[in-house]
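What follows is one structure encoded as structure tokens, with my remarks underneath.
Note that these values count all heavy atoms, side chains included, but never hydrogens, waters or copies made by symmetry. Just follow the structure's listing: the first ligand is 1, and inside any ligand the first atom is 1.
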Amino acid sequence: MEILDNIAALNRFRPGAGEIVLIPTMGALHAGHEALIRRGARLAAGRGTCVVWIFVNPTQFNDPADFARYPKTLDADLAVCRSAGAGAVFVPSKDEIYPPGISVPVPDLPRVATEPGLEDAMRPGHFAGVCQVVLRFFELVKPKVAVFGEKDWQQLQVIRAMAKHATPQVEISPFPTVRESDGLAMSSRNRFLSAEERTRALAISRALTRAGEAGSQREAEAIMATVLGESGIQPEYAVVRDAETLQEVGAGARRALIAAKVGSVRLIDNQQWPKRR
Ligand code: PAF
């Protein structure tokens, strides 16, 4: 596995890499990322290379404290990439991605990044930073396919909408959320939960599962509020929305989405709604 720690190294690597399947990450890799990389390696088999990007993107953190404490575990991350079959890892410095004195463009944000009142409202500026860094990496790496996890459901819809417009040559491939055996969605932030908070956090996946059985959207949202409340969790949102636009429910597929702080740790999760029977 090649470790590409600057753009010049990436440019030397790319011509022999074939079609690139890109796995975007901010490091602190867990078993969910590992599954994503394995999928990328399978997609790339026989035609190209799976490249993992590791970069903690400062422009998408609306809370500087969250950025400062974001876990950095590069040696362990490289071991995960290697064992999951990555062909290369691209770990550029901040100055290479955002050269001092040069402004890196932020693409026009699609409506799903600004209108739903979910992550866009809770984390102002977040999707502008995500779109900026994703576009920058797409331009540098020139992937054929990029794999994004479904846990960040709104992010996945934002990137799909942005790519359709700005980089239609890149196929966006979604990957289902990987869960702990008790249902907790895997996240780099789970490591900050105390034992008591981790037990309470299980209410999030439980709320989504119970809501999946509800007969109406209103009932589903009431169930989520109740299940979370029983564990002392006040959600930022616990709603059912159109799965693609994240606007109020329309005729298409629907998704139940929750964001909540458990202690000081902000967690998000989502599930198709209603549950497939
Ligand atoms: O989902 C993430 O880890 C990040 O938002 C991403 C897509 C790597 C951009 O920094």
Side-chain angles (χ1 to χ4, degrees), residues 4 10 20-37 39-40 50-64 66-74 76-77 80-81 84 86 88-94 96-98 104-107 109-110 112-113 118-120 122-141 143 145-163 166-167 170-178 185-192 257 259 265-270:
L4 312 167
L10 171 72
I20 291 183
V21 178
L22 182 61
I23 313 293
T25 82
M26 298 204 300
L29 303 183
H30 49 65
H33 293 110
E34 190 174 340
L36 217 77
I37 300 167
R39 151 69 106 61
C50 172
V51 176
V52 179
W53 117 35
I54 299 181
F55 181 67
V56 186
N57 174 37
T59 68
Q60 73 187 70
F61 285 82
N62 54 320
D63 174 3
D66 191 25
F67 176 61
R69 81 164 178 175
Y70 202 82
K72 290 167 195 78
T73 57
L74 186 60
D77 292 349
V80 170
C81 294
V89 181
F90 181 40
V91 246
S93 68
K94 174 169 166 281
E96 276 216 298
I97 296 305
Y98 299 114
V104 172
V106 177
L109 295 184
V112 65
L118 304 176
E119 291 303 291
D120 50 308
M122 300 302 156
R123 305 184 68 190
H126 172 65
F127 286 129
V130 169
C131 288
Q132 181 185 38
V133 79
V134 168
L135 200 62
R136 178 93 174 107
F137 273 81
F138 281 4
E139 277 166 4
L140 291 169
V141 181
V145 181
V147 186
F148 289 85
E150 290 185 349
K151 185 173 76 70
D152 294 88
W153 185 263
Q154 190 175 359
Q155 169 175 280
L156 174 64
Q157 307 316 315
V158 167
I159 289 166
R160 269 186 172 149
M162 180 200 74
T167 54
V170 182
E171 181 196 329
I172 306 300
S173 171
F175 191 78
T177 303
V178 181
M186 288 195 185
S187 163
S188 303
R189 292 190 165 88
N190 290 351
R191 69 189 72 197
F192 296 127
L257 305 112
V265 186
R266 186 173 189 277
L267 300 173
I268 56 173
D269 198 357
N270 67 86

Got a donor-acceptor contact below 3.5 angstrom from the N270 side chain to the K151 backbone?
-> yes
Is a side-chain donor or acceptor of R136 paired with a backbone partner of I97 at a separation under 3.5 angstrom?
-> yes
Answer yes or no for K72 and F67: cation-pi contact, defined as NZ/CZ to six-membered ring centre under 6.0 Å and angle to ring axis within 45°.
-> yes
Separation between CD of Q60 and CG of D66, rounded to the nearest 0.5 Å = 9.5 Å
W53-F90 aromatic ring centre distance below 6.0 Å = no
Checking V158, V134, L36 against F148 for side chain to side chain contact (heavy atoms under 4.5 Å, CB included), the one that qualifies is V134
When you check ligand 1 against the protein, what N or O pairs turn up below 3.5 Å? List the atom names and distances, or just say none.
residue: ligand 1; atom: 1 (O); partner: Q155; partner atom: NE2; Å: 2.8
residue: ligand 1; atom: 5 (O); partner: Q60; partner atom: NE2; Å: 2.9
residue: ligand 1; atom: 5 (O); partner: Q155; partner atom: OE1; Å: 2.8
residue: ligand 1; atom: 10 (O); partner: Q60; partner atom: OE1; Å: 2.6

